[in-house]
Amino acid sequence: MADKPSRALVLYGDGMARFIEPSQTHLNSLASRASCGFLTLPNAPSSESEDERVVREFAVLLDAYESYIDKSGNTTRMPTISERFMGMKASLITNNTSLKSFGAKLGFSVLQFDDLIENKNSLVELPANVVVAELLRLLGFKEGKTLNTSDYDLVFVHIGDGERVIGERNKANANDMEYVNALVGGILQIAQPGSEISSRLHLSLLMSFGDVFVDNDPNLSVLITKDEKTSDLSILFPRQSYTMRGENPRKDVRHHCPILIAQWQYAVTRKDMVEAFSFRDFKEHGGNLVIPADRFLHEVAFKVWKAPKYGA
């Protein structure tokens with residue numbers, strides 16, 4: 001645990017997990033020093049649109065879905081991020097129209113990418129090093145120093161807008177994936193181990209699979225198969241509680257195509273044995289194993305001293 005509150009930056013590649021390539025070396029560099037694992041999501045409704053999926057999965061990450069839509073499908077009044085997490089100041093950066101509206105209802109200060117640099121509407125139009133500097137500035141990091149105050153405790157960057165047709169979206173996601181790799185490289189360059197920023201910046205990189213309706217790839221399941229167990233050690237493998245909420249079983253857990261997550265803060269997060277940002281490496285060597293996606297924000301809020309520790 002740090003002796004001062006962290007400031008959290010979340011990069012969320014929405015629907016980009018399928019576009020991760022071994023050549024994206026900055027992602028691998030982050031994974032090799034981070035604590036890695038998976039966030040499980042509920043199954044998608046059969047009639048869900050792509051834009052609805054974007055908002056739903058974001059709501060799950062914020063543990064806000066149940067307060068967003070009640071059992072009758074009616075929207076309810078949602079407590080803000082500040083109300084839920086001890087006055088936490090949070091910003092959401094996205095170009096997705098529906099997500100901007102939902103984020104504002106949750107109390108985020110909503111920005112889009114052209115707010116970072118004037119007259120630049122697209123993320124890929126912005127030089128990665130300039131974007132990194134602006135993101136860190138919002139968190140009170142400037143010129144390698146940590147300022148006493150910051151605009152925000154949490155900056156959540158959503159990349160992948162869900163508003164294109166499939167062909168255009170796939171091409172855009174592949175381009176955005178390369179850009180995310182450049183952003184991660186820029187952050188790691190500034191937050192060198194032992195630097196003033198590295199000890200206060202809590203970085204989370206999330207990569208989701210986007211549209212998932214059928215479990216058609218057993219290689220993307222978080223379940224341990226018989227072939228993956230050893231007769232001598234299988235009884236020692238921890239039984240996880242990601243299928244439970246409190247004392248009750250979760251009714252809807254998707255065991256395949258989870259969100260990949262790597263979290264790093266110098267001298268705070270525990271390094272595991274992962275060497276590459278990939279599903280296989282995370283499953284075989286990840287330290288975080290599998291947790292429900294709705295626990296994500298609680299863990300981040302704890303790191304910025306805006307929530308009590310839960311669990312072990």
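Counting from 1, the numbers follow the sequence of the chain as shown.
Under the side-chain hydrogen bond (donor to acceptor under 3.5 Å, both in side chains) criterion, S198 pairs with S195, not counting sequence neighbours. For F279, the ring pair (Phe, Tyr, Trp, His ring centres under 6.0 Å) partners at least two apart in sequence or on another chain are F38. The salt bridge (Lys or Arg N to Asp or Glu O under 4.0 Å) test applied to E275 returns no partner, not counting sequence neighbours. S49 meets the side-chain contact (heavy atoms from CB on, under 4.5 Å) test with D51, E52; sequence neighbours excluded. Under the ring pair (Phe, Tyr, Trp, His ring centres under 6.0 Å) criterion, F277 pairs with F282, not counting sequence neighbours. Under the ring pair (Phe, Tyr, Trp, His ring centres under 6.0 Å) criterion, H255 pairs with Y242, not counting sequence neighbours. By the ring pair (Phe, Tyr, Trp, His ring centres under 6.0 Å) test, F209 pairs with no residue at all, sequence neighbours left out. Here A307 pairs with F85, A301 under the side-chain contact (heavy atoms from CB on, under 4.5 Å) rule; sequence neighbours left out. Partners of T40 under the side-chain hydrogen bond (donor to acceptor under 3.5 Å, both in side chains) rule, at least two apart in sequence or in another chain, do not exist in this structure. Qualifying salt bridge (Lys or Arg N to Asp or Glu O under 4.0 Å) partners for R250, counting only residues two or more places apart in sequence or in other chains: D294. Legend: residues meeting side-chain contact (heavy atoms from CB on, under 4.5 Å) with E284, ordered by chain and number and at least two apart, are R280.
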Report all side-chain donor-acceptor pairs from residues 136-145 shorter than 3.5 Å, counting only partners two or more places apart or in another chain.
| from | atom 1 | to | atom 2 | distance (Å) |
| --- | --- | --- | --- | --- |
| R137 | NE | E134 | OE1 | 3.2 |
| R137 | NH2 | E134 | OE1 | 3.2 |

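Within a 6.0 Å radius of CD in E83, more than 12 heavy atoms belonging to other residues, nucleotides or ligands are found.
Atom CE of M86 and atom CH2 of W305 lie 10.5 Å apart (nearest 0.5 Å).
In terms of modelled atom types and a separation under 3.5 Å, the side chain of S6 and the main chain of A8 share no donor-acceptor contact.
Counting heavy atoms from C-beta outward, W264 and I187 have side chains that stay 4.5 Å or more apart. No side-chain heavy atom of V184 sits less than 4.5 Å from a side-chain heavy atom of Q24.
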Item to check | Step-by-step side-chain contact (heavy atoms from CB on, under 4.5 Å) determination, L154 to V304 | outcome: CA-CA 8 Å; L154 164 67; V304 299; 5.9 Å; no

Next on the checklist: Between I259 and F296, is the side-chain contact (heavy atoms from CB on, under 4.5 Å) condition met? List the steps.
Outcome noted: CA-CA 11 Å; I259 296 175; F296 167 71; over 6 Å; no

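A side-chain N or O of D63 and one of H298 form a donor-acceptor pair less than 3.5 Å apart.
Using a 4.0 Å cut-off between a side-chain N of Lys or Arg and a carboxylate O of Asp or Glu, E57 and R53 qualify as a salt bridge.
Taking the six-membered ring wherever Trp is involved, the centroid distance between the rings of Y12 and F58 does not fall below 6.0 Å.
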